[in-house]
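Here is the naming used below: chain letters follow the sequence lines, and residue numbers restart at 1 for every chain. Bear in mind the structure is a predicted one, so any value in this text is a computation, not a measurement.
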2 protein chains.
Amino acid sequence: MSSLPAASHSTILEVARDAGVSKTSVSRYLGGERHRLSPAMQARIAAAIQRLGYRPNQMARGLKGGRSKLIGMLVADIRNPFSVTVLHSVEQACRARGFSLLVCNTDNDPDQERNHLALLASYRVEGVVINAAGRPSAELKALAEQGTPIVLLDRSLSDVDADVVGLDNAGAIDMAMDHLLERGYRNVLYVSEPPEGASSRQRRLERFRQRLAQAPELTGETACLAMQRDSDALRQALHGFVSRESPAPRAILCANGNVTLQVAHALNALGVSLGETGLLGIDELDWCALAGPGITTLAQPTEAIGQAAVESLMQRLAPPGRQAPPRRTEYAARLIARGSTHR
Amino acid sequence: MSSLPAASHSTILEVARDAGVSKTSVSRYLGGERHRLSPAMQARIAAAIQRLGYRPNQMARGLKGGRSKLIGMLVADIRNPFSVTVLHSVEQACRARGFSLLVCNTDNDPDQERNHLALLASYRVEGVVINAAGRPSAELKALAEQGTPIVLLDRSLSDVDADVVGLDNAGAIDMAMDHLLERGYRNVLYVSEPPEGASSRQRRLERFRQRLAQAPELTGETACLAMQRDSDALRQALHGFVSRESPAPRAILCANGNVTLQVAHALNALGVSLGETGLLGIDELDWCALAGPGITTLAQPTEAIGQAAVESLMQRLAPPGRQAPPRRTEYAARLIARGSTHR
DNA sequence: TTGTAAGCGTTATCAG
DNA sequence: CTGATAACGCTTACAA
């Protein structure tokens, strides 16, 4: 039994020679056109492939027809559980359709975002899923103009044609406020990261203010702060809110999972008791049941979002004809009530 | 101002024509050989590239020299925070060296693992970082035999040449046990997922048993269970442990972050008070300070692990000569003491 | 049913 | 310094 050196990768030509057929036939065999080959030839090709351990070179494959079979995904922060869950579902959806996912983490850095976009373009990705900062860079526009389908997660961008998939932000805020009101809270602090370019953050903030304006029985305020571990600014904002005289029961509404985490840390440090002071966060996290009496959350349908994103890409990939106008898909949040909103 | 159609991607040939030079010169310009071109030509090429918005096609690039500039990474569970943190650091390290990362999530499924490996091979990745199940598949061996550098995270594989980077598992268990002893716990339950093929799990379990055997003042037991949300088996095991008569103070040692999460859920459901019953988990999680009095953990140096993995790949990529034998790099854990081990 | 030949966009090897 | 020209591994008309 001779050990095969298998020094480098074998090519389609080698397979063809080994099987005593032409490259074309092997290519056909691989490209799902086996029905056009005689059984005998199929068998010989299969054997040769087996023998040589042949694997088609996707690079070469992509070169001719332009089918890289690659989808790119830009993630603003890969350590954010929401992003990861969506990423997970995007990857599965891609795989299910024979695509692979090239994942790029931007760490919320616009420079990296532009670089990554250029990179994805250079690998000729057939579509891009973007969950990142916001400013529509030249790179993004170039991609769009070249006809590469783009889908935006959670935040929309003016100025560039792309489908948008995400949460029904206004609906989520409504759901949160309804819950807090029902539980008897009457004074609400909305904590968010600075909205900046992120349309979803803007939308949530805006809706919160609308609700405040609409409900006379309610008072409230907002705090937009950069969230970092053990932020003094956050601690002070929270301290100010919880220590101020207020006859109305108080609650804090967190704009996303990261805010919830940092607020929970800060409240913990301040010795605030959850429930008496309400706490509700957008984004479900796997530890929310464990902190104090449990933290009430609004879960996003991450699975559906990821699938819809890929679905959206695929639709635009299929017909070379005229494209439908940009479309947005919004999903409703799901409330998970826990002790932090139980007075 | 005419709007450029920019229908498709422009090629090096188009740039060459636009600049009135040859393909070769453009290629040289791009390939870091500008010093061999006259300033005049450089300027014209730069202008043409700018004008056409040209981006080299990595696919075509990879075809000729075989340099795909791609590293593959197999992740067993992308929703595991430890994996994500390492992934993050691997990606940064790759980028810093001009490589991109093709990430594949296997969801702990050996089939997917093999498929993904074949996929990575087909994209001619120049190296692979693996953080996944274990059985050395034919695909993995093929990759190794073709000379693709492979580095294993956290678990080693007999039968295939690969560097291994991970935690000093025995040292971590020692650190944990020393801490528990120092805090006065004398009866320890070690909870782990079934070790199966995972060498690191085996190593930790084995060391726990050794420590038990070495310390006469200590009693203990182990529970190896599949961890799933709200597992009955886990709840029963924990219930048995905490409700049994025992004069010696009890503590639970969790083999990894997922175990810690599930154990924390189960203890919560059982109404066990943390601290009185000790709890210590391997892997630091960002909510550990928030659960009850805070959960004591052993943090893995995830950053260092990711960097070392890529470093390892790069070293084997460089010299085409004879390769050094497989090497293993182990890092020490760091103890973060919190209320859950304070009686 | 099978094969021949012409690219796909780059880089590398030669000559000028 | 600069430029033809031949690969690289594969797909795809176009023939036979």
Side-chain angles (χ1 to χ4, degrees), chain A residues 7-46 48-49 52-70 98 118-119 121-126 146, chain B residues 7-46 48-49 52-70 98 121-126 146:
Chain A
S8 192
H9 296 272
S10 46
T11 77
I12 203 172
L13 180 59
E14 293 171 327
V15 173
R17 278 209 256 270
D18 187 278
V21 303
S22 76
K23 286 196 309 179
T24 313
S25 299
V26 180
S27 178
R28 287 196 179 112
Y29 179 84
L30 295 158
E33 300 192 66
R34 310 194 185 179
H35 53 280
R36 304 214 151 172
L37 299 179
S38 67
M41 183 172 268
Q42 288 191 39
R44 297 167 66 199
I45 295 179
I49 287 178
L52 277 60
Y54 169 76
R55 284 271 155 209
N57 182 333
Q58 284 289 355
M59 294 283 169
R61 218 176 243 214
L63 196 50
K64 185 63 195 271
R67 309 302 317 266
S68 66
K69 283 300 186 178
L70 241 28
L119 181 91
S122 78
Y123 279 106
R124 298 298 186 263
V125 294
E126 299 184 47
Q146 271 160 10
Chain B
S8 190
H9 297 270
S10 46
T11 77
I12 205 172
L13 180 59
E14 293 170 327
V15 173
R17 279 208 255 270
D18 187 278
V21 302
S22 75
K23 289 196 308 181
T24 312
S25 298
V26 179
S27 178
R28 286 196 178 113
Y29 178 85
L30 296 157
E33 301 193 66
R34 310 193 185 180
H35 54 281
R36 303 211 152 172
L37 301 179
S38 67
M41 181 171 269
Q42 287 191 40
R44 295 166 65 198
I45 295 179
I49 287 179
L52 276 62
Y54 168 76
R55 285 270 156 210
N57 182 333
Q58 285 289 354
M59 292 284 169
R61 225 176 234 212
L63 194 50
K64 185 60 201 263
R67 309 302 318 267
S68 67
K69 282 298 186 181
L70 241 28
S122 79
Y123 279 106
R124 298 298 187 264
V125 294
E126 299 184 46
Q146 270 158 10

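- Interface remark: the A:Arg124 side chain does not form any donor-acceptor pair with the C:dG9 base, using a distance-only criterion of under 3.5 Å.
- Nearest-nucleotide mapping onto DNA chain C: of B:Thr24 and A:Lys23, the residue sitting toward the 5' end is A:Lys23.
- Within 4.0 Å (heavy atoms only), A:Met41 reaches sugar-phosphate atoms of the nucleic acid but no base atom.
- Set against C:dG3, C:dG9, D:dT11, the side chain of A:Ile12 has D:dT11 as its closest nucleotide.
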Practice prompt. Take B:Leu52 and B:Glu14 through the side-chain contact (heavy atoms from CB on, under 4.5 Å) test and state the conclusion after the steps.
Written response: CA-CA 8 Å; B:Leu52 276 62; B:Glu14 293 170 327; 3.9 Å; yes
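- To the nearest angstrom, P of C:dA5 lies 14 Å from CG of A:Leu13.
- If you measure from atom CG of B:Leu63 to atom P of D:dT11, you get 12 Å, rounded to the nearest angstrom.
- You'll find that the side chain of A:Ser38 is closest to C:dT1, out of C:dG3, C:dT1, D:dC10.
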Worksheet entry | Worked check of side-chain contact (heavy atoms from CB on, under 4.5 Å) between A:Arg44 and A:Tyr29 | CA-CA 11 Å; A:Arg44 297 167 66 199; A:Tyr29 179 84; over 6 Å; no
Item to complete: Please report the C-alpha distance between A:Leu30 and A:Ile49 in whole Å, then the side-chain angles of each, then the deciding distance to 0.1 Å, and finally whether the side-chain contact (heavy atoms from CB on, under 4.5 Å) criterion is met.
Response: CA-CA 10 Å; A:Leu30 295 158; A:Ile49 287 178; 4.0 Å; yes
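- What separates CZ of B:Arg44 from P of D:dT2 is a distance of 9 Å, to the nearest Å.
- Note on B:Tyr29: nothing from the nucleic acid sits closer than 4.0 angstrom, heavy atoms only.
- The separation between A:Arg36 atom CZ and D:dC14 atom P is 15 Å, rounded to whole Å.
- In this structure, B:Asn57 atom CG and D:dG9 atom P are separated by 16 Å, rounded to whole Å.
- Not one N or O on the side chain of B:Gln146 forms a donor-acceptor pair closer than 3.5 Å with the backbone of A:His9.
- For the pair A:Gln58 CD and D:dG9 P, the interatomic distance rounds to 15 Å; values are reported in whole Å.
- Atom CZ of B:Arg28 is separated from atom C1' of D:dG3 by 8 Å (rounded to the nearest Å).
- For the residue pair B:Pro56 and A:Ser122, the shortest heavy atom distance occurs at O-CB, 3.3 Å.
- Under 4.0 angstrom from either OP1 or OP2 of C:dT11 there lies at least one side-chain N or O belonging to B:Ser27.
- Residue-to-nucleotide contacts include a donor-acceptor pair under 3.5 Å from the side chain of A:Lys64 to the base of D:dT11.
- The shortest distance between the side-chain N/O atoms of A:Tyr123 and the OP1/OP2 oxygens of C:dG9 is not below 4.0 Å.
- Among the protein residues, B:Arg55 comes within range of the sugar-phosphate backbone only, with heavy atoms under 4.0 Å from sugar or phosphate atoms but none that close to a base.
- In this structure, A:Leu30 atom CG and D:dT12 atom C1' are separated by 14 Å, rounded to whole Å.
- Residue A:Arg61 places at least one side-chain N or O under 4.0 Å from the OP1 or OP2 atom of D:dT11.
- OP1 or OP2 of D:dG3 lies within a sub-4.0 Å distance of a side-chain N or O belonging to B:Ser22.
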